[in-house]
Each structure stands twice: as C-alpha cells, then as structure tokens.
Participant: 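I am attaching a structure below and will ask some questions about it afterwards.
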Protein chains: 2
Amino acid sequence: MEMNSAVARLAALAQPLRLSVFRYLVEAGPGGASVGEIREAVAAAPATLSFHLKELQAAGLVDTCREGRRIRCRARYQAMNELIGYLTENCCRGEGAAAPGGECAITEGEAS
Amino acid sequence: MEMNSAVARLAALAQPLRLSVFRYLVEAGPGGASVGEIREAVAAAPATLSFHLKELQAAGLVDTCREGRRIRCRARYQAMNELIGYLTENCCRGEGAAAPGGECAITEGEAS
DNA sequence: TCCATATTTCTAGAATACTCGAATTAAAGG
DNA sequence: CCTTTAATTCGAGTATTCTAGAAATATGGA
C-alpha cells in the first residue's frame with residue numbers, strides 16, 4: 001500500500017461522523033445498510049451524509065450499489081485490513097517494544 | 001480507547017508530512033531524533049515542521065523533551081498500538097468475510 | 001402520468017488546516 | 001554581555017473541509 005492511499009484512508013476515518021458511519025457499516029455486517037438506515041443511526045442531514053459517504057467511497061473504504069430506490073452501502077473490510085497492515089508495517093516497531101532508555105535529560109556531552 | 005482519541009490520532013497521521021515524520025521517528029527507534037534531524041529528513045521549513053510536531057504531540061503520538069539546545073522527539077509506540085487496537089476491534093469484521101445472501105444484484109469479485 | 005420516497009448535486013457561507021517569513025525564546029560558550 | 005545554534009511562536013495569506021438548505025435525479029407504484 002502506498003503512502004498516499006494510507007493518508008487518504010486515514011483522512012477518511014479522521015472525522016467523527018465518517019468514523020461513526022464506517023463503524024455502523026462494520027456492525028451491519030456484510031449485508032451492509034441503506035443510506036437511510038445510516039442516516040437514522042448517525043442523525044445527519046441528508047446532504048451532509050451524502051458528502052461524507054462520497055469521501056468514504058473515494059478512499060475505497062465503502063462500496064455502494066443501487067437497490068431499487070435505495071442505495072446499499074457496505075464496508076470494504078479489505079481496505080481496512082490493508083490500512084492496518086500499512087500502519088503495522090510502517091509505523092510500529094516490533095510489538096510492545098518498550099522504551100528502554102527512559103526519558104531524556106540523562107544524556108549529556110554524549111553524541112554530538 | 002475513546003472514539004475522540006482515535007479520531008485525533010487518525011487526523012494526526014492523515015497528513016503526508018506528519019505521517020513521514022512519524023515514520024521517520026519509528027525508524028529512528030526508541031532513541032528518537034532531534035527536530036533538526038527530522039527537518040533534514042523531511043525537508044520542511046522550520047515553522048512548518050514545528051506546527052506539525054505540535055499536532056503529533058497533541059494527539060499523543062510523539063513525545064518531546066529538551067536536551068540542551070536540541071529537542072528530542074520520540075514516537076509513542078503505545079499510542080500507535082492503541083490506535084491499531086481500536087481499529088481492529090471497532091472497524092474490522094472477522095477476516096475476509098464475503099458472505100453472500102446479499103440483496104444487490106452485483107456480485108462481488110467472489111466467483112463461486 | 002403523477003406522486004411519494006430515497007438520495008444526490010448545487011451552492012455558498014463558516015470553520016479549520018496548512019505554509020512560511022519574521023520575530024522570539026532558550027541554551028551553551030566565549 | 002554577546003554570539004551562535006536550535007527550535008518555537010506570531011501573523012497573515014491561501015486552501016481545504018464541513019454543513020446544510022434547496023433543487024434535482026432516480027425509482028416504484030397507483
């Protein structure tokens with residue numbers, strides 16, 4: 001996964017309403033939920049929700065398809081797993097690597 | 001971890017320069033790096049870097065402490081692990097669950 | 001066809017974020 | 001005290017994001 005995609009997905013999730021929507025879709029399971037159901041769950045104005053759903057879609061985190069009058073949305077679990085993979089590989093050190101050196105202030109005259 | 005903290009950390013990482021800085025600090029290891037070292041690595045104007053470091057700090061992803069004239073920065077691995085934990089618990093569903101029975105006519109990549 | 005429902009697009013104002021030059025603070029050492 | 005180096009804060013300009021009312025589009029049904 002490229003850094004750009006990672007930033008895009010992080011940005012998509014870095015907004016309270018969008019994170020709520022995504023969590024709701026994850027809870028909804030693979031069957032997903034309609035825009036109307038989501039709107040009730042998160043209590044947002046239609047235009048506002050539409051705006052945020054588009055952002056989630058653009059980031060690849062949500063899939064939509066029309067189903068009669070409704071539009072069904074589903075979380076793209078794979079995109080999420082990719083993001084978690086990126087963070088784990090690029091932004092973690094080992095796992096539970098405790099800081100050994102402790103805090104600053106002790107190193108003096110060391111390491112120019 | 002609360003949703004608010006998760007959003008704050010996601011937002012902190014959802015910016016190319018900040019993500020680069022954080023990745024650099026992770027690579028630097030528990031010893032961290034000075035602001036000047038970071039600045040060279042990411043090629044940012046001093047004021048710009050200072051702004052973004054403050055954001056990372058505010059989100060709890062970076063720790064700083066003065067060391068003589070320099071300021072040493074370290075990645076807070078624990079904060080990252082918490083974030084990954086939050087995403088894993090709240091935003092994932094099992095593994096590659098592609099259960100059909102869906103209503104949409106569109107079949108997902110899963111050919112049976 | 002006309003109507004109701006479901007959702008999007010348009011639009012514009014308000015809020016937030018980003019960048020960076022210049023001035024400022026902080027520390028170490030003449 | 002003065003200078004140099006390291007980094008921050010201030011301030012202003014630019015850009016992006018968020019919100020939501022109103023109008024438009026899409027679908028199914030009487």
Side-chain angles (χ1 to χ4, degrees), chain A residues 3-4 7-22 24-25 28 32-59 61-74 104-112, chain B residues 3-4 7-22 24-25 28 31-59 61-74 103-106:
Chain A
M3 188 172 115
N4 278 7
V7 167
R9 289 180 192 177
L10 288 165
L13 296 170
Q15 210 282 339
L17 185 56
R18 285 197 298 263
L19 185 53
S20 297
V21 167
F22 190 78
Y24 179 77
L25 286 176
S34 71
V35 174
E37 287 171 325
I38 299 170
R39 206 188 56 222
E40 270 201 23
V42 304
T48 302
L49 177 56
S50 212
F51 169 82
H52 287 297
L53 275 173
K54 230 165 66 169
E55 299 272 307
L56 286 167
Q57 246 184 110
L61 285 160
V62 163
D63 252 3
T64 67
C65 58
R66 185 171 278 276
E67 208 177 78
R69 268 191 286 216
R70 309 199 170 164
I71 290 189
R72 177 169 295 275
C73 306
R74 291 185 176 93
C104 261
I106 302 170
T107 42
E108 213 161 317
E110 277 253 50
S112 64
Chain B
M3 188 172 116
N4 277 7
V7 168
R9 289 181 191 177
L10 288 165
L13 295 170
Q15 209 282 339
L17 185 55
R18 286 199 297 264
L19 185 54
S20 297
V21 167
F22 190 77
Y24 179 77
L25 286 176
S34 70
V35 174
E37 289 171 324
I38 299 170
R39 207 188 53 224
E40 271 202 22
V42 303
T48 302
L49 178 56
S50 213
F51 169 83
H52 289 296
L53 276 173
K54 230 165 67 171
E55 299 271 307
L56 285 166
Q57 247 184 109
L61 285 161
V62 163
D63 251 4
T64 67
C65 58
R66 185 169 277 276
E67 209 179 76
R69 268 189 285 216
R70 309 202 170 161
I71 291 190
R72 177 169 296 275
C73 306
R74 291 186 176 91
E103 284 83 290
C104 267
I106 299 168

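Here is how names work: the chains are called A, B, and so on, in the same order as the sequence lines, proteins then strands, and each is numbered from 1.
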Participant: Would a 4.5 Å heavy-atom cut-off, applied to side chains only, mark A/Ile71 and A/Cys65 as touching?
Facilitator: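 With C-beta onward as the side chain, the pair stays apart.
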Participant: Working to the nearest 0.5 angstrom, can you tell me the gap between A/Phe22 CZ and A/Cys73 SG?
Facilitator: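 If we round to the nearest 0.5 Å, A/Phe22:CZ and A/Cys73:SG are 12.0 Å apart.
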Participant: Go through it in stages, so that I can follow the logic: the residues are B/Leu61 and B/Arg9, the test is side-chain contact (heavy atoms from CB on, under 4.5 Å), and I'd like the CA-CA distance, side-chain angles, deciding distance and then a yes or no.
Facilitator: CA-CA 7 Å; B/Leu61 285 161; B/Arg9 289 181 191 177; 4.3 Å; yes
Participant: Minimum heavy-atom separation for A/Val7 and B/Leu13, please, with both atom names.
Facilitator: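 Answer, listing the atom of A/Val7 first, then B/Leu13: CG2-O, 4.5 Å.
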Participant: How long is the line joining CD1 of A/Ile38 and P of C/dA6, in whole Å?
Facilitator: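 Computing the A/Ile38:CD1 to C/dA6:P distance gives 14 Å.
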Participant: Going by heavy atoms closer than 4.0 Å, what residues in residues 43-56 of chain A are next to DNA chain C?
Facilitator: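 When residues 43-56 of chain A is checked for heavy atoms under 4.0 Å from DNA chain C, the hits, listed by number, are A/Pro46, A/Ala47, A/Ser50, A/Lys54.
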Participant: Between B/Glu40 (CD) and D/dA6 (P), how many Å, whole number?
Facilitator: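 After rounding, the gap between these two atoms is 10 Å.
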Participant: May I ask you to verify if any side-chain N or O of B/Arg70 is less than 4.0 angstrom from the OP1 or OP2 atom of D/dA6?
Facilitator: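 Checking B/Arg70 against D/dA6: at least one side-chain N or O falls below 4.0 Å of OP1 or OP2.
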Participant: Mind running a 4.0 Å heavy-atom check of residues 14-21 of chain A against DNA chain C and sending the residues that fall below it, in number order?
Facilitator: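 Residues of residues 14-21 of chain A under 4.0 Å from DNA chain C: none.
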Participant: Nearest whole Å is fine: how far is D/dA20 P from A/Arg39 CZ?
Facilitator: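 Spelled out: CZ on A/Arg39 to P on D/dA20 is 13 Å.
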Participant: So, taking the atom named CG in A/Asn4 and the one named CG in B/Leu19, what distance separates them when rounded to the nearest 0.5 Å?
Facilitator: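 It comes to 10.0 Å.
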Participant: Would you say the side-chain atoms of A/Arg70 pair up with the backbone N or O of A/Arg72, donor to acceptor, closer than 3.5 Å?
Facilitator: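 Checking the backbone N and O of A/Arg72 against the side chain of A/Arg70, no donor-acceptor pair under 3.5 Å is found.
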Participant: To the nearest Å, how far apart are B/Ile71 CD1 and C/dA27 C1'?
Facilitator: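 One finds 11 Å between C1' of C/dA27 and CD1 of B/Ile71, rounded.
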Participant: Heavy-atom nearest nucleotide on DNA chain D for A/Gly68 versus A/Ala11: which residue maps closer to 5'?
Facilitator: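 The residue mapped nearer the 5' terminus is A/Ala11.
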Participant: Would you mind reporting whether A/Ser34 and A/Glu67 have side-chain heavy atoms less than 4.5 Å apart?
Facilitator: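 Heavy-atom side-chain distance check fails, nothing below 4.5 Å.
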Participant: B/Arg69 has an atom CZ; how far is it from atom P of C/dG29, in whole Å?
Facilitator: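 After rounding, the gap between these two atoms is 7 Å.
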Participant: Please tabulate, one pair per line, all N/O donor-acceptor pairs under 3.5 Å involving side-chain atoms of residues 41-59 of chain B, not counting sequence neighbours.
Facilitator:
{"from": "B/His52", "atom 1": "ND1", "to": "B/Arg18", "atom 2": "NH1", "distance (Å)": "3.0"}
{"from": "B/Gln57", "atom 1": "OE1", "to": "B/Thr64", "atom 2": "OG1", "distance (Å)": "3.3"}

